[in-house]
Participant: 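The structure's right below; bear with me while I get my questions together.
Note that the structure is predicted; figures quoted are calculated from it, not measured. Just so it is clear: chains get the letters A, B, ... in the order the sequence lines come, proteins before strands, and each one is counted from 1.
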Amino acid sequence: MTVKKRSELSVDQIIRRFIDLSLTQHEAVLYLETRPYNRAYLKIKGLAEELEARPGDQRHVLVDLFDHPNPQVRLSAAIYAHPLFPGPAIKVVQSIIDAKRHPQEAEARTVLDYLINGPLEPE
Amino acid sequence: MAVSGDPDEPKIPHRRLARARERNRIGRAAAGYLRTLPLWQQFRFLARVGWLANEAGHTIRSYSDEPRALEELKERATVPSSGYDIHHIVEKTPAYRDGFSREMIESPDNKVLVPRYKHWEITAWYAKRNGKFGGLSPREALRNATWRRRVEIGLSAFREHGVLR
């Protein structure tokens with residue numbers, strides 16, 4: 001089976017991979033396994049960068065994942081859609097915190113801090 | 001399977017699972033679910049989950065602790081308690097690697113008592129890549145950082161995991 005490069009994927013295919021990788025992260029968080037989580041993190045980031053590079057900045061399609069049943073998918077979508085839709089993205093993250101959704105609640109707090117305050121300032 | 005009709009309730013097998021990896025996953029799922037229940041339903045849930053409550057009852061219940069003040073967390077670290085672990089605010093191994101002294105690392109000022117599952121989750125958090133840290137894990141981002149920065153991040157991790165008020 002030939003694995004397509006990201007640049008050769010349709011937007012729908014990118015979103016399907018985005019979901020699959022987020023579900024991989026969810027599974028990793030259930031078992032506290034950081035290596036598969038981190039591998040998926042880099043691939044998800046790459047997919048988001050590919051969406052951004054497409055004409056018209058296709059990251060807006062991530063909004064469709066804001067009501068996905070899996071909280072890790074919603075969290076990933078919120079992180080990468082935030083530059084275009086900051087208010088709705090923050091609401092998605094806050095809702096995971098408010099619902100005390102295990103195991104994403106703590107991660108959602110870190111994400112919320114990042115979305116509101118940006119990356120950590122250097123010392 | 002223990003079932004109450006609540007779709008969010010984790011499915012707990014009636015028989016104890018052989019693999020620790022699976023027992024721990026289910027224990028954490030039960031603990032996470034317990035936190036969402038009012039007290040009277042917590043007792044009912046624990047009564048339904050048999051072997052799991054016998055084996056990990058303290059650990060599951062401690063996960064529902066309300067956040068505490070830092071001084072209280074430090075004071076509680078002086079007495080071992082079932083379902084809790086002593087945790088270093090500044091991670092030990094990276095601090096030793098970067099040349100901090102044993103006196104600082106093992107000082108009572110650097111130790112707190114935290115619910116066991118939250119201890120595991122905080123430890124995993126340190127290893128997970130994170131946009132807040134520029135795509136690095138917190139552990140990687142803290143390489144060669146000052147003690148003050150390590151404490152700052154350590155306390156921030158406690159707040160985000162509901163350990164510190």
Participant: A/Lys45 versus B/Arg129: any side-chain heavy-atom pair under 4.5 Å?
Facilitator: no
Participant: Measure the spacing between OH of A/Tyr41 and OG of B/Ser137 and express it to the nearest 0.5 Å.
Facilitator: 10.5 Å
Participant: Non-hydrogen atoms of chain B under 4.5 Å away: do they reach the side chain of A/Pro36, the backbone, both or neither?
Facilitator: neither
Participant: For a side chain to side chain contact (heavy atoms under 4.5 Å, CB included) check, start with the C-alpha distance between B/Ile153 and A/Leu120, then their side-chain angles and the critical distance, and finish with the verdict.
Facilitator: CA-CA 10 Å; B/Ile153 299 307; A/Leu120 194 66; 3.7 Å; yes
Participant: Is B/Phe158 in contact with chain A via its backbone, its side chain, both, or neither, using a 4.5 Å heavy-atom distance?
Facilitator: neither
Participant: Do B/Lys128 and A/Val29 have side chains that get closer than 4.5 Å, going by heavy atoms?
Facilitator: yes
Participant: Does the distance from a Lys or Arg side-chain N to an Asp or Glu carboxylate O, for A/Glu33 and B/Arg21, drop under 4.0 Å?
Facilitator: yes
Participant: Under 4.5 Å heavy-atom distance to chain A, tell me which part of B/Ala145 shows up: side chain, backbone, both or neither.
Facilitator: both
Participant: Side chain, backbone, both or neither: which part of A/Arg101 has a non-hydrogen atom closer than 4.5 Å to chain B?
Facilitator: side chain
Participant: Hydrophobic clustering (ILVMFWY, side-chain heavy atoms < 4.5 Å, transitive) - are A/Ile14 and A/Val73 grouped together?
Facilitator: yes
Participant: Could you tell me which portion of B/Glu121 (side chain, backbone, both or neither) has an atom closer than 4.5 angstrom to a non-hydrogen atom of chain A?
Facilitator: both
Participant: Measure distances from B/Trp125 to the heavy atoms of chain A and classify the residue's part below 4.5 Å as side chain, backbone, both or neither.
Facilitator: side chain
Participant: Drop me the distance from B/Arg149's CZ to A/Glu123's CD, to the nearest 0.5 angstrom.
Facilitator: 4.5 Å
Participant: Does any heavy atom of chain B fall under 4.5 Å from the side chain of A/Tyr31, the backbone, both, or neither of them?
Facilitator: both
Participant: Decide if the gap between the ring center of B/Tyr117 and the ring center of A/His102 is smaller than 6.0 angstrom.
Facilitator: no
Participant: Is B/Thr146 in contact with chain A via its backbone, its side chain, both, or neither, using a 4.5 Å heavy-atom distance?
Facilitator: both
Participant: A side-chain contact here means heavy atoms from C-beta on lying under 4.5 Å apart; do A/Leu112 and B/Glu160 qualify?
Facilitator: no
Participant: Taking A/Arg109 for its side chain and B/His161 for its backbone only, find out whether a donor-acceptor pair lies under 3.5 Å.
Facilitator: no
Participant: Hey, quick one: are A/Ile44 and A/Leu62 part of the same hydrophobic cluster, counting side-chain heavy atoms closer than 4.5 Å, chains of contacts allowed?
Facilitator: yes
Participant: For A/Ala99, is it the side chain, the backbone, both or neither that has a heavy atom under 4.5 Å from a heavy atom of chain B?
Facilitator: backbone
Participant: Side chain, backbone, both or neither: which part of B/Arg148 has a heavy atom under 4.5 Å from chain A?
Facilitator: neither
Participant: For chain B, find which of A/Thr110, A/Leu30, A/Ile79 contributes the most heavy-atom pairs closer than 4.5 angstrom.
Facilitator: A/Thr110
Participant: For B/Asn130, is it the side chain, the backbone, both or neither that has a heavy atom under 4.5 Å from a heavy atom of chain A?
Facilitator: both
Participant: Is there a continuous path of hydrophobic side-chain contacts, each under 4.5 Å between heavy atoms, that joins B/Leu17 to B/Leu46?
Facilitator: yes
